[in-house]
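Letters A, B, ... are given to chains in the order of the sequence lines, protein chains preceding strands, and every chain is numbered from 1.
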Protein chains: 2
Amino acid sequence: MARLFTTELTKRQQQVLDWVHAFTHKQGFPPTVREIGAAFHITPRAVFDFLKALERKGCLKRGNLGARSLEFPAAQKHEAGCERCSPVRVVGRIAAGKPVMAAEDDLGAVPVNSEWLHGQDCYALRVKGDSMVDAAILDGDWAIIRKQDTADDGDIVVALIDDEATLKYLHREPRRIRLQPANPRMKPLYIKPEDLQIQGKLIGVHRSYDSRGGRAR
Amino acid sequence: MARLFTTELTKRQQQVLDWVHAFTHKQGFPPTVREIGAAFHITPRAVFDFLKALERKGCLKRGNLGARSLEFPAAQKHEAGCERCSPVRVVGRIAAGKPVMAAEDDLGAVPVNSEWLHGQDCYALRVKGDSMVDAAILDGDWAIIRKQDTADDGDIVVALIDDEATLKYLHREPRRIRLQPANPRMKPLYIKPEDLQIQGKLIGVHRSYDSRGGRAR
DNA sequence: AATACTACTAAACATCCGTTTAGTATCAAG
DNA sequence: CTTGATACTAAACGGATGTTTAGTAGTATT
């Protein structure tokens, strides 16, 4: 083997990537291979090679939607948001067998009113299922969670049970903990106090009603 | 002259614009006319008409770079993974005899995910009462409203009745409009179609839980 | 010397793109 | 009744698009 796999970019690749980024930011959409080619006085085929190299190195993703279908992973830029809000990372989904606190899933961030956070470490989870409907928390809502390992009686908490995270009411009983769903068709979960693992406490809920025409994909 | 120039969008135009915004934000680049057409089951030519109408009304700009060259005015640049927020003015309370659209009450602003707004004129209302509990909207929640004077059947709207603003489900019936609360203990309100004054449509909900476990202020 | 990656050119291909031409139908205002 | 806007269909045009095939040349590592 001649050369090992690298994620390092060559000077030329960096120039191309920079230009593509600049174009995308200025125009609101990525350039075509010929637009890139024109900027560097090279043929479409040369650009094609650059894009493949940049994709292999994880700098962009070539979609399969034809013209201009370039996607850029993660956020490189965090521009002027408003002062009153902070981006809160979305770390996963709850109540459906998916673990929380897993490796960063690149699910983006949700802007939350800074006043709600009180400067503490928070994260967001996308709610799945309707175990909390009676608490006015619906499937698809974003639950804003403050990281803490204790909570008060009656709080809505994120609890970890068998590597599954669930959103439930916390109720302490004499010799056990009751994790109560807010859904009459669901039974409470009883666990031993020493098995209780609280991942955080619910401090807020965000919901979006998307008005979509046509068919959702 | 038959009809005066308007910047108001029709219901259908609004649906198309919403879909285009959603696509752009999700993909990082705008859709092609055929992608829009596929979503609404219409021909490219019909989409072309919509884009021209939306351009005339200032909702977007068709570039001259061929495929996907749509630009959106206002602040919103759609870069993948970069979510931002915009401050949305709080203009009052609802469902308790207080008028909306009153003089600025200096109730502050709520930061809302820009993704939800689609660059359109929105405002926030503090919910009072439990007329919408079954729709998972509680007393004290912030209702994020998009200003519009029409809505689809089944939408949750802000309707003005005798100078009072209420949040209700909109249902059109043969000779009347039914404004339905989401609370079994409350009766629907029937009004004549010509008396219906829609102030906006619910696009989002924000809720904050107090640190003591109860509800925020 | 062999291997692998970089950095390109030239020409071509099938497909996809925005747009055009030519219509149909509905609605509302003057 | 006309005008203008909305909301579409059907078929087609020319050009732009990503990609492929077939190369050349240079560099760096093994």
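- The CD atom of A/Glu55 sits 17 Å away from the C1' atom of C/dC5 (whole-angstrom rounding).
- Under the 6.0 Å distance and 45° angle rule, B/Arg176 counts as a cation-pi partner of B/Tyr190.
- Residues from residues 42-49 of chain A lying near DNA chain C, meaning a heavy-atom separation below 4.0 Å, are A/Ile42, A/Thr43, A/Arg45, A/Ala46, A/Asp49 in numerical order.
- Distance, B/Leu54 CG to D/dA5 C1': 14 Å, rounded to whole Å.
- Comparing the axis of the opening five pairs of the helix from C/dA1-D/dT30 to C/dG30-D/dC1 with that of the closing five pairs yields an angle of 30°, rounded to 10°.
- The aromatic rings of B/Phe72 and B/His21 lie tilted to each other, with the angle between the two planes from 30° to 60°.
- Atom CZ in B/Arg34 sits roughly 13 Å away from atom C1' in D/dA10 (whole-Å rounding).
- Of the candidates C/dC17, D/dG18, D/dA7, C/dC17 carries the atom nearest the B/Ala67 side chain, counting heavy atoms from C-beta on.
- Here A/Met132 contributes atom CE and A/Lys168 contributes atom NZ; the two are 7.5 Å apart, rounded to the nearest 0.5 Å.
- What separates CG of A/Leu51 from C1' of D/dT19 is a distance of 12 Å, to the nearest Å.
- The backbone N or O of A/Lys61 sits nowhere less than 3.5 Å from a side-chain atom of A/Glu71 that would complete a donor-acceptor pair.
- Closest to the A/Gln13 side chain, of the nucleotides C/dT6, C/dG18, C/dC8, is C/dT6.
- Phosphate proximity of C/dA7 to A/Thr10: present, with a side-chain N or O under 4.0 Å from OP1 or OP2.
- In this structure, CG in A/Leu125 is found 9.0 Å from CD in A/Gln199, a value given to the nearest 0.5 Å.
- Residue A/Lys11 has no polar side-chain atom (N or O) positioned under 4.0 Å from OP1 or OP2 of D/dT27.
- Residue side chain B/Arg62 does not reach the base of C/dG18 through any donor-acceptor N/O pair under 3.5 Å, judged by distance alone.
- Here A/Ser208 pairs with A/Trp142, B/Trp116 under the side-chain contact (heavy atoms from CB on, under 4.5 Å) rule; sequence neighbours left out.
- Using a cutoff of 4.0 Å between basic side-chain nitrogens and carboxylate oxygens, B/Asp18 and B/Arg146 are scored as salt-bridged.
- Protein atom CZ of A/Phe50 is 16 Å distant from nucleotide atom P of D/dG18, rounded to whole Å.
- Following rounding to the nearest Å, B/Glu35 (CD) and D/dT17 (C1') show an atom-to-atom distance of 13 Å.
- Of the possible donor and acceptor atoms, one in the side chain of A/Gln13 sits under 3.5 Å from a partner among the backbone N and O of A/Thr10.
- Atom-to-atom, NE2 of A/His41 to P of C/dA10 comes out at 15 Å; the value is rounded to the nearest Å.
- The phosphate of C/dC5 (OP1 or OP2) has no side-chain N or O of A/Lys52 nearer than 4.0 angstrom.
- Defined by atom type and a distance below 3.5 Å, a donor-acceptor pair is missing between the side-chain atoms of B/Gln148 and B/Lys11.
- We find that CZ of B/Arg68 is positioned 8 Å from P of C/dG18, with the value rounded to whole Å.
- Of the candidates D/dT19, D/dA7, C/dC5, C/dC5 carries the atom nearest the A/Arg56 side chain, counting heavy atoms from C-beta on.
- With respect to the salt-bridge test (charged N to carboxylate O, under 4.0 angstrom), the residues A/Arg68 and A/Glu35 qualify.
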